[in-house]
Amino acid sequence: MTESKQISREMITETAALLIEETGDRKSVTLREIAKRLGCAHTNLYNYYGSLNEIWWDAAAWILMRMMAETREETASDVPPLPESPERDVLCVFLKFFDFSVDHPGWYRFLWLEKQEGTPSPEAVRILSGATESTFTALSKIAGDSLAPDRIRQLSDIMFCYTYGEITSWIHNRRSHESRDEMKQRLADNLKLLYSLFMKESIFEQHTHEEMQEE
């Protein structure tokens, strides 16, 4: 190892994230391991980060950025194939979230199941909050004026939490009776049902309100 090795915050962040992916366990990743992979002394990392916890927050943001980039990609092999519908793009996002998570279980555990200590940087906060905000934005586009913003937010949270629960069950082998394709089909069906129920409730409330005004 050389003390003059040129590194950057971005290199440290990516290396930490990749080591978590390889080991499947954040506890196995230390400052020394990160420095070893970068080819520098572990003391060099303190020129860029004050603690390992700061690296974890930026690594979480890096992983989320990669996840969001992949969920936006157009693919011709979505399983199950989804018929054209207003909510199709939103369902695709959740199905790709499922795929990314089960393909990278170490990252999923790190992001959603492990407690993070310390305080994230403002940039990390922006990226981390953007993960759920993108779903809210997508739902707002397809719902239009049919749902109030607070109801769209509620629907977005419920859809995310439901998907989160299914992914966690799958990663912990609680769905061994289902194939991956069967799991995704059920996930898509249930998410579509949630959307439909919210829309039907909104229409019912609107009609009730109009009837009350006419009386």
Side-chain angles (χ1 to χ4, degrees), residues 17 21 60-114 125-207:
E21 167 79 343
W62 184 91
I63 295 167
L64 270 178
M65 286 181 64
R66 177 162 169 177
M67 184 190 78
M68 288 188 288
E70 291 193 17
T71 56
R72 293 190 194 103
E73 290 179 357
E74 291 294 333
T75 60
S77 58
D78 284 327
V79 178
L82 299 174
E84 290 296 332
S85 65
E87 68 274 12
R88 183 182 187 280
D89 289 344
V90 174
L91 295 180
C92 280
V93 168
F94 280 106
L95 292 179
K96 290 173 183 177
F97 172 38
F98 174 87
D99 278 333
F100 184 89
S101 299
V102 300
D103 288 339
H104 306 283
W107 283 350
Y108 181 81
R109 295 188 186 96
F110 171 64
L111 284 176
W112 309 111
L113 302 179
E114 295 181 358
V125 170
R126 183 188 67 81
I127 294 170
L128 293 169
S129 62
T132 53
E133 196 64 26
S134 60
T135 305
F136 170 76
T137 301
L139 282 170
S140 297
K141 289 181 179 178
I142 62 173
D145 297 330
S146 299
L147 289 176
D150 61 326
R151 296 291 282 163
I152 296 175
R153 179 74 63 185
Q154 184 182 30
L155 174 58
S156 176
D157 290 344
I158 292 173
M159 293 176 80
F160 174 81
C161 289
Y162 165 68
T163 305
Y164 167 87
E166 292 285 20
I167 294 170
T168 302
S169 294
W170 178 270
I171 287 177
H172 288 92
N173 200 32
R174 299 295 192 272
R175 294 290 184 182
S176 57
H177 61 285
E178 285 183 311
S179 70
R180 181 163 171 167
D181 289 354
E182 289 172 338
M183 174 70 192
K184 291 178 68 175
Q185 182 65 65
R186 186 168 59 80
L187 181 63
D189 291 343
N190 288 343
L191 288 170
K192 187 172 182 179
L193 176 61
L194 282 171
Y195 177 82
S196 298
L197 289 173
F198 263 72
M199 295 300 291
K200 289 178 180 179
E201 181 186 40
S202 176
I203 294 172
F204 175 78
E205 290 176 347
Q206 183 179 354
H207 287 171

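Predicted model, so just to flag it, every value in this text is computed and none were measured.
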Nearest heavy-atom approach of Leu139 to Met159 is CD1-SD, 4.0 Å

Please evaluate residues Arg180 and Asp99 with respect to the criterion side chain to side chain contact (heavy atoms under 4.5 Å, CB included), reporting the C-alpha separation (whole Å), side-chain torsions for both, the decisive distance (0.1 Å), and the verdict. CA-CA 9 Å; Arg180 181 163 171 167; Asp99 278 333; 2.8 Å; yes

I need the minimum non-hydrogen distance between Lys96 and Glu70, along with the two atoms involved. CD-O, 3.9 Å

Under the side chain to side chain contact (heavy atoms under 4.5 Å, CB included) criterion, do Leu191 and Glu166 qualify, and how do the steps go? CA-CA 11 Å; Leu191 288 170; Glu166 292 285 20; over 6 Å; no

Rounded at 0.5 Å granularity, tell me how far CG in Asp103 sits from CD in Glu21. 9.0 Å

If you apply the rule side chain to side chain donor-acceptor pair (under 3.5 Å), what do you find for Ser101 with Tyr164, and how did you get there? CA-CA 9 Å; Ser101 299; Tyr164 167 87; over 6 Å; no

For residues Asp89 and Val93, determine if any side-chain heavy atom of one lies less than 4.5 Å from a side-chain heavy atom of the other. no

Any side-chain heavy atom of Arg88 sitting closer than 4.5 Å to one from Leu91? no

Hey, could you give me the CG/CG distance between Leu187 and Leu95, rounded to the nearest 0.5 Å? 5.5 Å

Run the numbers on Ile152 and Phe198 for side chain to side chain contact (heavy atoms under 4.5 Å, CB included), then give the verdict. CA-CA 9 Å; Ile152 296 175; Phe198 263 72; over 6 Å; no

Rounded to the nearest 0.5 Å, what's the gap from CZ on Phe110 to CG on Leu113? Could you check? 11.5 Å

Chi angles and distances behind the side chain to side chain donor-acceptor pair (under 3.5 Å) call for Gln185, Asp189: CA-CA 6 Å; Gln185 182 65 65; Asp189 291 343; 3.0 Å; yes

Restricting to non-hydrogen atoms, name the atom on Ala17 and the atom on Trp107 that form the minimum distance, rounded to 0.1 Å. O-NE1, 2.7 Å

Criterion ring pair (Phe, Tyr, Trp, His ring centres under 6.0 Å) against Phe160, the qualifying member of Phe94, Phe98, Phe136, Trp112: Trp112

I'd like to check Val102 versus Tyr108 (side-chain heavy atoms, cut-off strictly below 4.5 Å). Are they in contact? no

After noting the C-alpha distance and the side-chain angles of Glu182 and Arg175, does the key distance pass the salt bridge (charged side-chain N to carboxylate O under 4.0 Å, His left out) rule? CA-CA 10 Å; Glu182 289 172 338; Arg175 294 290 184 182; over 6 Å; no

Specify the closest pair of heavy atoms between Ala61 and Ile127, including all atoms of both residues, with the distance to one decimal. O-CG2, 3.5 Å

In terms of heavy-atom contacts, Leu111 and Ala60 come closest through CD2-O, 3.6 Å

Criterion salt bridge (charged side-chain N to carboxylate O under 4.0 Å, His left out) on Arg153 and Glu133, from CA distance to verdict: CA-CA 9 Å; Arg153 179 74 63 185; Glu133 196 64 26; 3.0 Å; yes

Correct closest heavy-atom pair for Phe97 and Thr71 would be N-CG2, 3.9 Å

